[in-house]
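Because only heavy atoms are used, hydrogens play no part in the values below, and waters and symmetry mates are left out as well, while side chains stay in. Every number for a ligand or one of its atoms is a count from 1 in the order of the listing.
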Amino acid sequence: MKSVRLRSWAKINLGLKIAGLRPDGFHELRTVFQTIALYDDIDIALAAGSGIRLDCAPARETPRRAALAHVFGSLPQAWLQVPSGDSNLVWKAAALAIEHFRLRGQVRITLRKRIPTQSGLGGGSGNAAVVLHWLASQARRRPSPAQLWTLGTQLGSDVAPFLIGGTALGLGRGDECYALPDLPAWPCVLVRPRLGVETAGAFRRWDELHPSVAAGAIPGLTSSPGLATIYSFCSSDIQALPASRLGRDRDPELPGSKVRAGIENDFEEVVFPLSPDFARIKRTLLRAGAFWASLSGSGAALYGLFAEPAQAHAAAEKLGGRDVAWLTRLAPRRLARPAGPR
Ligand code: C5P
């Protein structure tokens, strides 16, 4: 039995609009997912026997890996601890794959975590996507990308972008994903305050603040001139970030208000009041030279994007004194799409 080692990348959200509560209880989203160079290791094999064996533990850093995502500050090991049983999304992904692809043998998985939990970085979803993708490659009849996507969405709303990697537009529950052209591999500083955030709770708080935004009111992506247009998502995210990096957001052709519109994260409104740390960290990232700083998903991690590696390094060092900070960078699709036979 030979196991393969796969990398399971983290993501950030370059903007996230909550467009309303849907009849199925989920929220309609408009977001852009971006993989970053912080990853968990997954060793996986199909061995003799049956069922699933899952072993999870924090990863031990090595100098080579530290070059991709260096941690500043003391990282609580509890943030890297996840269950080894059937409540883990990895287990659910393996169980779904065994059943769906009629796999024979025992699925053995060793998961070594670097991506902190409760951070809005999609650690669990990414792990599930990697396991699903590899087990699909072991099926006698390989599924089409559409079949794989359908299975991914059964596992969670955030699994689909990890089947694509790089920059991806997310619609629907976040699961309807479209590949976008890669952004440059900008330096990215992640910061996690002590407080973690649970996604379902953050959505509930958003509902309390916006009781009138019901499913029927959700505008179509292209038909509405306001909130949910393709302009405000693809165009502003992908074109405005380089523009603002170059300071062109002061250009009358690209007024700041227009450039910014659509790339804010709606969760900031409900998550920032939970602790003064959120606003403080965002402010610090911007003052340290980030050309964009935001909460990722429902948090609790924030990130700053930098044009200058030295500024990013200094920001991570500074924030790592009080919080936990990672110096990393955006991971393009060629690096971050799931590995293994297609
Ligand atoms: O799909 P997933 O299991 O990742 O979602 C976790 C929880 O987050 C859901 O149970 C739901 O409460 C909330 N959610 C939502 N709208 C979405 C995605 C997630 O309300 N688009």
Counting heavy atoms only, which of A200, S125, A19 is nearest atom 7 (C) of ligand 1? A200
Please report whether atom 13 (C) of ligand 1 has a protein non-hydrogen atom at a separation of less than 4.0 Å. yes
Report, in ascending order of atom number, the atoms of ligand 1 lying under 4.0 Å from any heavy atom of T199. 8 (O)
Qualifying residue for side chain to side chain donor-acceptor pair (under 3.5 Å) with Y39, from K113, R114, R7: R7
Report yes or no: do D43 and S3 form a side-chain donor-acceptor pair below 3.5 Å? no
Taking both backbone and side-chain atoms of S157, is any N or O found less than 3.5 Å from an N or O belonging to ligand 1? yes
Basic-acidic side-chain contact under 4.0 Å: R112, D55: yes
Is the NZ or CZ atom of R140 both under 6.0 Å from the centre of the six-membered ring of F101 and within 45° of that ring's axis? no
Taking atom 10 (O) of ligand 1 as the reference point, the nearest protein heavy atom with its distance: F26 CE2, 4.5 Å
For atom 3 (O) of ligand 1, what's the nearest protein heavy atom and its distance? G156 CA, 4.3 Å
Evaluate whether atom CZ of R104 has more than 12 neighbouring non-hydrogen atoms of other residues, nucleotides or ligands under 6.0 angstrom away. no
At a 4.0 Å threshold, what atoms of ligand 1 neighbour a non-hydrogen atom of R173? 1 (O), 17 (C), 18 (C), 21 (N)
Looking only at side-chain N and O atoms, does H210 offer a donor or acceptor that is under 3.5 Å from a partner on E269? yes
Could you find the nearest protein heavy atom to atom 19 (C) of ligand 1 and give me its residue, atom name and distance? F203 CE1, 3.4 Å
Between ligand 1 and H27, is the shortest N or O to N or O distance under 3.5 Å? yes
Could you check whether D40 and N127, counting side-chain N and O atoms only, form a donor-acceptor pair closer than 3.5 Å? yes
Of all the atoms in ligand 1, which lie at a distance below 4.0 Å from a heavy atom belonging to L29? 21 (N)
